Participant: 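Please read through the structure below; I'll follow up with questions.
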Amino acid sequence: MKNKAVYIIKLGGSVISDKNKPFSFNYDVVYKLIEEIKKSNAYCIIIHGGGSFGHPVAKKFDIVNGINPEIENQILGFAETHKVMIELNLKIAEVFSKQQIPAISLQSSAIFYLNPDLEFYGLKRIENLLNLGVIPMLYGDIILDSTNNFTILSGDKIIYSICNSIKKAKETTISVKKVIFLTDQDGIFTMDNESEKILVENLSADEIPNLQLSKFDSKIDVTRSIKGKLEEIGQICKLGIKVQLVNGFKENYLTKSLKDEKIPSTTIFQKK
Ligand code: IPE
């Protein structure tokens, strides 16, 4: 019996940190977003990205491409990537705690494994936490695989995997109402010209491969480009789950998204 409709909210790295400034944490922005989550009273699962914590370290040691003996101190860098993600996660956990909201982190590298496909062992724990009135929190991390290698697991892949296991579960008490990606823009823009860029308000997942996107600035992102992120989002939509890209810097946009009120944003869905 499915009885809890949850929102999965991705706190994108470009919202929680300044991706151009290593180890910068946007405390005030995170505080406001968590305040909006609290006021909404909605069931939520929080996933956050690496931003200016995980990405620069992962990039320096090329963690995404796995073991490379030519990279000096790469294994130290592998451990460091994980450590800085824990540090970022703790900063967010502190904001939840400050506002007296129970939130508990599940360490992604302990509950995901590549074998060779992505395996996830956390659904029961997520359900237990939600049943206890706790917000489960996961984050982009390093991930191990069955060949004794490693790579980076993005928050976006985590979201797809959670959605997929909820859909496939024979017995679960949760369903996904919507996935909200908080980013530093109002959504997806088409056209290459800044002055002419147009916000795409509704997008069918089938249209993603042919989108002519507006230029995006080059920030450090080891996991993929916006095109890659959109492909991941397309996979989530194919499960029959609606995805909304929402500007995390604009006040009350998250509140409105949680109430399904109209805001400038991009909603992506699978055409029936
Ligand atoms: C990346 O996660 C995690 C690491 C670099 C360890 P994401 O790819 O989801 O992060 P953002 O949201 O783009 O920063």
Side-chain angles (χ1 to χ4, degrees), residues 8-26 29-30 33 45-66 71 74-92 105-114 118 120 122 136-145 149-163 179-185 187-188 216-236 243-249 254:
I8 298 184
I9 302 175
K10 163 100 190 266
L11 301 173
S14 56
V15 175
I16 58 179
S17 72
D18 178 347
K19 276 201 170 183
N20 295 315
K21 226 194 267 164
F23 309 110
S24 55
F25 180 61
N26 288 340
V29 177
V30 173
L33 290 170
I45 300 171
I46 302 292
I47 318 291
H48 71 79
S52 72
F53 285 70
H55 283 290
V57 185
K59 188 181 169 144
K60 182 173 171 201
F61 296 97
D62 198 21
I63 303 303
V64 77
N65 289 315
I71 298 171
Q74 194 198 25
I75 300 299
L76 272 177
F78 171 56
E80 184 70 14
T81 305
H82 175 65
K83 194 205 84 176
V84 296
M85 286 310 299
I86 293 177
E87 281 170 4
L88 175 59
N89 182 250
L90 182 60
K91 286 185 189 299
I92 297 172
S105 304
L106 297 171
Q107 185 188 312
S108 305
S109 45
I111 53 170
F112 285 92
Y113 191 59
L114 282 168
L118 185 58
F120 169 53
M137 180 159 52
L138 294 89
Y139 49 93
D141 197 355
I142 51 96
I143 181 169
L144 295 158
D145 75 20
N149 209 331
F150 53 75
T151 185
I152 294 289
L153 175 66
S154 71
D156 305 357
K157 281 215 165 62
I158 290 175
I159 294 175
Y160 169 74
S161 190
I162 294 175
C163 290
V179 176
I180 301 169
F181 280 86
L182 294 169
T183 75
D184 58 350
Q185 321 218 13
I188 296 296
F216 278 78
D217 45 350
S218 61
K219 289 172 186 158
I220 312 161
D221 191 338
V222 292
T223 36
R224 83 251 92 176
S225 62
I226 185 71
K227 265 257 166 204
K229 273 184 196 277
L230 275 175
E231 276 158 25
E232 206 68 62
I233 288 171
Q235 295 300 316
I236 298 170
V243 172
Q244 190 179 17
L245 306 185
V246 173
N247 195 325
F249 289 112
L254 175 57

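We use all heavy atoms of the structure for the numbers below, so side chains are in, but hydrogens, waters and symmetry mates are not. All ligand and atom numbering here is 1-based and tracks the order in the structure. What you are looking at is a predicted structure, and each value in this text was computed from that prediction instead of being measured.
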Participant: Indicate yes or no: does an N/O atom of Thr81 lie under 3.5 Å from an N/O atom of ligand 1?
Facilitator: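 It does not: no N or O of Thr81 is found under 3.5 Å from an N or O of ligand 1.
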Participant: Would Gly51 count as being in polar contact with ligand 1, using the rule that some N or O on each side must be under 3.5 angstrom apart?
Facilitator: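 Checking ligand 1 against Gly51, an N or O pair does fall under 3.5 Å apart.
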Participant: By number and element, which atoms of ligand 1 are closer than 4.0 Å to a non-hydrogen atom of Met85?
Facilitator: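 What qualifies from ligand 1 is 6 (C).
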Participant: Please work out whether the ring planes of Phe78 and Phe150 are parallel, tilted or perpendicular, with thresholds of 30° and 60°.
Facilitator: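 Geometry flag for Phe150 against Phe78: parallel rings.
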Participant: Which of the numbered atoms in ligand 1 are below 4.0 angstrom from a heavy atom of Gly140?
Facilitator: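 With Gly140 as reference, the close atoms of ligand 1 come out as 2 (O), 3 (C).
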Participant: Under 3.5 Å between any N/O of His55 and any N/O of ligand 1: does that happen in this structure?
Facilitator: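 There is such a contact, yes.
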Participant: Heavy atom to atom 13 (O) of ligand 1, shortest distance: which of Glu232, His82, Lys229 holds it?
Facilitator: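 Nearest option to atom 13 (O) of ligand 1, by heavy atoms: Lys229.
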Participant: Is it the case that ligand 1 has an N or O less than 3.5 angstrom from some N or O of Gly50?
Facilitator: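 Yes, Gly50 has an N/O under 3.5 Å of an N/O on ligand 1.
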Participant: Please report the C-alpha distance between Leu245 and Ile188 in whole Å, then the side-chain angles of each, then the deciding distance to 0.1 Å, and finally whether the side chain to side chain contact (heavy atoms under 4.5 Å, CB included) criterion is met.
Facilitator: CA-CA 8 Å; Leu245 306 185; Ile188 296 296; 3.4 Å; yes
Participant: Looking at Lys19, which atoms of ligand 1 are within less than 4.0 Å of one of its heavy atoms?
Facilitator: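 Answer, ordered by atom number: 11 (P), 13 (O), 14 (O).
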Participant: Could you label the plane-to-plane angle of the His48 and Tyr139 rings as parallel, tilted or perpendicular, counting under 30° as parallel and over 60° as perpendicular?
Facilitator: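 Ring orientation of His48 relative to Tyr139: parallel.
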Participant: Which part of His48 is near ligand 1, with near meaning a heavy atom under 4.0 Å away: side chain, backbone, both or neither?
Facilitator: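 No part of His48 comes within reach of ligand 1.
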Participant: Can you name the one residue among Leu254, Ile46, Ile47 that meets side chain to side chain contact (heavy atoms under 4.5 Å, CB included) with Leu11?
Facilitator: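 Result for side chain to side chain contact (heavy atoms under 4.5 Å, CB included) with Leu11: Ile46.
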Participant: Does Val64 offer a backbone N or O that forms a donor-acceptor pair with the side chain of Thr151 under 3.5 Å?
Facilitator: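 Yes, the answer is positive, given that a donor and an acceptor are paired below the 3.5 Å cut-off.
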Participant: I want to know if ligand 1 touches Leu11 in the polar sense, i.e. an N/O pair below 3.5 angstrom.
Facilitator: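 Checking ligand 1 against Leu11, no N or O pair falls under 3.5 Å apart.
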Participant: So if I count the atoms of ligand 1 from 1 in the order they appear, which ones are less than 4.0 Å from some heavy atom of Gly54?
Facilitator: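 The atoms of ligand 1 under 4.0 Å from a heavy atom of Gly54 are 5 (C).
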Participant: Phe181 and side chain to side chain contact (heavy atoms under 4.5 Å, CB included): which single residue from Val15, Val246, Ile159 fits?
Facilitator: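 Exactly one option meets the side chain to side chain contact (heavy atoms under 4.5 Å, CB included) with Phe181, and it is Ile159.
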Participant: Minimum heavy-atom separation for Thr81 and Gly77, please, with both atom names.
Facilitator: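 Closest pair (atom of Thr81, atom of Gly77, distance): OG1-O, 2.7 Å.
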Participant: Determine, step by step, whether Leu118 and Ile143 satisfy the side chain to side chain contact (heavy atoms under 4.5 Å, CB included) criterion, reporting the C-alpha distance in whole Å, the side-chain angles of both residues, the deciding distance to 0.1 Å, and the verdict.
Facilitator: CA-CA 10 Å; Leu118 185 58; Ile143 181 169; 3.4 Å; yes
Participant: For Gly155, take its heavy atoms, then give the atoms of ligand 1 lying under 4.0 Å from any of them.
Facilitator: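 Result: 2 (O), 7 (P), 9 (O).
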